[in-house]
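In what follows, a single structure is set out as structure tokens and then discussed.
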Amino acid sequence: MSSASQSRPWDVHRLPSAEGRIVLVTGGNAGIGYFAAEQLAATGAVVILGSRDRVKADAAMVSIRSHVPAARVRHLPLDLADLSSLQSAVERLDLDHLDAVVHNAGVALDDPPRRETEDGHELMFGTNHLGHFALTQWLAPLLSAASAGRVVTVGSFAARSERLDLGDLQSTRDYRPKRTYGRSKLAQMCFGFELDRRLRALGSTVLSVVAHPGGALDSLTPPRPPVCVTTPGERLRALPSGLLVQGKDAGAWPVVRAVIDPNVRGGQLWGPRVFGLRGAPRLEPVPSHMADPPVAAQLWDASAELVGADPLLGFR
């Protein structure tokens, strides 16, 4: 890429070419993941939608192709709540390298009761954090084989006000859905920063970056039926909220920048420009509780034990 293109201000509507790069987006069939996939497809990247639901993935691919006629997009059956399925899912990719993975898929529950994954882990922590932690191990050889692989973990503004309880990571003693969700996203973000520290220590060419969408509402999101359906009335009623938050299309902007901007560095946090809630993507300071090495190391060790992972997650 030329120095001129690197120095040009980032324009979310005129993204640089990512022709030929291969990107896996977990949960790419809906929400932030869908719009990240659509925007990445428009750069020329080959986009793989990781989704457990074939029907939803097919609908997403039809929608992407209708907005990006030359899109190269495919589906990978992927269930992050079933750890035993992840190795074979990665083998089905049938690739010799992977340029980036976007750890985006997530479960958010609003009400009790507490639910568990196939492996007996609390559903939100088990899917949002442990599933991506385990998936990274199986993707490590493919990411390492790329010229400059990237792991982009999608966090949440909700993680800012939470703190991990290392003695109750799975909310077995005190389950409150919104708090458990926020902590699962905090665990993901801690993992993203700790992964980069460990990759740097190994001298790896792979970068780990964290991004978050700010405040992203369905009602402010442009329709992509049947993937995303909003009525004119819903969009009209949501307009005042647009002063503070944005749609999920804009929420994907920091994620896309973290994937393809050549100036992005490992260990960075990218989010929306205006109060971290809306606007063009910018580099943010990393909150201290997200990058506390002793806490992150304890989370890492506990996660590796829970999923039966190699302590180096397959990176060498």
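Here, residue 1 is the first one in the sequence, and each next residue gets the next number.
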Under 3.5 Å donor-acceptor, [X] side chain and [Y] backbone:
{"X": "Ser66", "Y": "Ser63", "answer": "yes"}
{"X": "Glu162", "Y": "Ala187", "answer": "no"}
{"X": "Arg257", "Y": "Trp270", "answer": "no"}

Sidechain N-carboxylate O distance under 4.0 Å for [X], [Y]:
{"X": "Arg316", "Y": "Asp310", "value": "yes"}
{"X": "Glu234", "Y": "Arg237", "value": "no"}
{"X": "Arg183", "Y": "Glu122", "value": "no"}
{"X": "Asp165", "Y": "Arg173", "value": "yes"}
{"X": "Asp218", "Y": "Lys248", "value": "yes"}
{"X": "Glu19", "Y": "Arg72", "value": "yes"}

**Message:** On the six-membered ring of Trp300, is Arg197 placed so that its NZ or CZ lies under 6.0 angstrom from the centre and within 45° of the ring axis?
**Reply:** no
**Request:** Decide whether His132 and Thr26 meet the rule of one side-chain donor and one side-chain acceptor closer than 3.5 Å.
**Result:** yes
**Message:** Pair Arg150, Val264 - check side-chain contact (heavy atoms from CB on, under 4.5 Å), show working.
**Reply:** CA-CA 10 Å; Arg150 291 189 190 187; Val264 163; 3.5 Å; yes
**Request:** Output all residues satisfying salt bridge (charged side-chain N to carboxylate O under 4.0 Å, His left out) with Arg115, sequence neighbours left out; order by chain, then residue number.
**Result:** none
**Request:** Describe, in one word, how the ring planes of Phe157 and His212 are oriented to each other, choosing from parallel (under 30°), tilted (30 to 60°) and perpendicular (over 60°).
**Result:** tilted
**Item:** Parallel, tilted or perpendicular: rings of Phe191 and His129 (30°, 60°)
**Value:** perpendicular
Once you round to the nearest 0.5 Å, how far does [atom1] of [X] lie from [atom2] of [Y]?
{"X": "Gln298", "Y": "Leu169", "atom1": "CD", "atom2": "CG", "answer": "9.5 Å"}
{"X": "Thr180", "Y": "Asp168", "atom1": "OG1", "atom2": "CG", "answer": "8.0 Å"}
{"X": "Leu277", "Y": "Leu244", "atom1": "CG", "atom2": "CG", "answer": "7.0 Å"}

**Item:** Crowding at CG, Asp174 (>12 non-hydrogen neighbours, <6.0 Å)
**Value:** yes
**Asked** Is the count of non-hydrogen atoms from other residues, nucleotides or ligands lying under 6.0 Å from Arg224 atom CZ greater than 12?
**Response** yes
Count I, L, V, M, F, W, Y as connected when their side-chain heavy atoms are under 4.5 Å apart, and connections chain through other members. Are [X] and [Y] then in the same cluster?
{"X": "Phe35", "Y": "Leu217", "answer": "no"}
{"X": "Val90", "Y": "Leu80", "answer": "yes"}
{"X": "Val23", "Y": "Leu139", "answer": "no"}
{"X": "Phe133", "Y": "Leu83", "answer": "yes"}
{"X": "Leu98", "Y": "Phe315", "answer": "yes"}

**Message:** What verdict does the side-chain contact (heavy atoms from CB on, under 4.5 Å) test give for Arg265 and Leu207, after you've listed the backbone C-alpha separation in whole Å, the side-chain angles of each residue and the deciding distance to 0.1 Å?
**Reply:** CA-CA 7 Å; Arg265 297 291 173 259; Leu207 303 181; 5.6 Å; no
**Asked** Heavy-atom distance under 4.5 Å between the side chains of Pro285 and Leu269, does that happen here?
**Response** no
**Message:** For a 4.5 angstrom cut-off between non-hydrogen side-chain atoms, does Arg282 reach Trp253?
**Reply:** no
**Request:** Kindly determine whether Ser288 and Asp292 satisfy side chain to side chain donor-acceptor pair (under 3.5 Å), including the steps that lead there.
**Result:** CA-CA 6 Å; Ser288 58; Asp292 183 323; over 6 Å; no
**Asked** Going through the checks in order, is the side chain to side chain donor-acceptor pair (under 3.5 Å) test met by Ser84 and Asp82?
**Response** CA-CA 6 Å; Ser84 66; Asp82 181 4; 2.8 Å; yes
**Shortest non-hydrogen contact from Gln39 toward Val256** = OE1-CG2, 3.5 Å
**Prompt:** Should side-chain heavy atoms under 4.5 Å link Ile, Leu, Val, Met, Phe, Trp and Tyr, which residues sit in the same cluster as Val229?
**Reply:** none
**Tyr34 and Asn29: CA distance, side-chain angles, deciding distance, side-chain contact (heavy atoms from CB on, under 4.5 Å) verdict** = CA-CA 5 Å; Tyr34 168 83; Asn29 60 282; over 6 Å; no
**Message:** Please determine whether side-chain contact (heavy atoms from CB on, under 4.5 Å) holds for the pair Ser144 and Thr205, giving the CA-CA distance in whole Å, both sets of side-chain angles, and the decisive distance to 0.1 Å.
**Reply:** CA-CA 7 Å; Ser144 299; Thr205 57; 5.6 Å; no
**Full working for side chain to side chain donor-acceptor pair (under 3.5 Å) between Ser147 and His97** = CA-CA 9 Å; Ser147 59; His97 77 280; over 6 Å; no
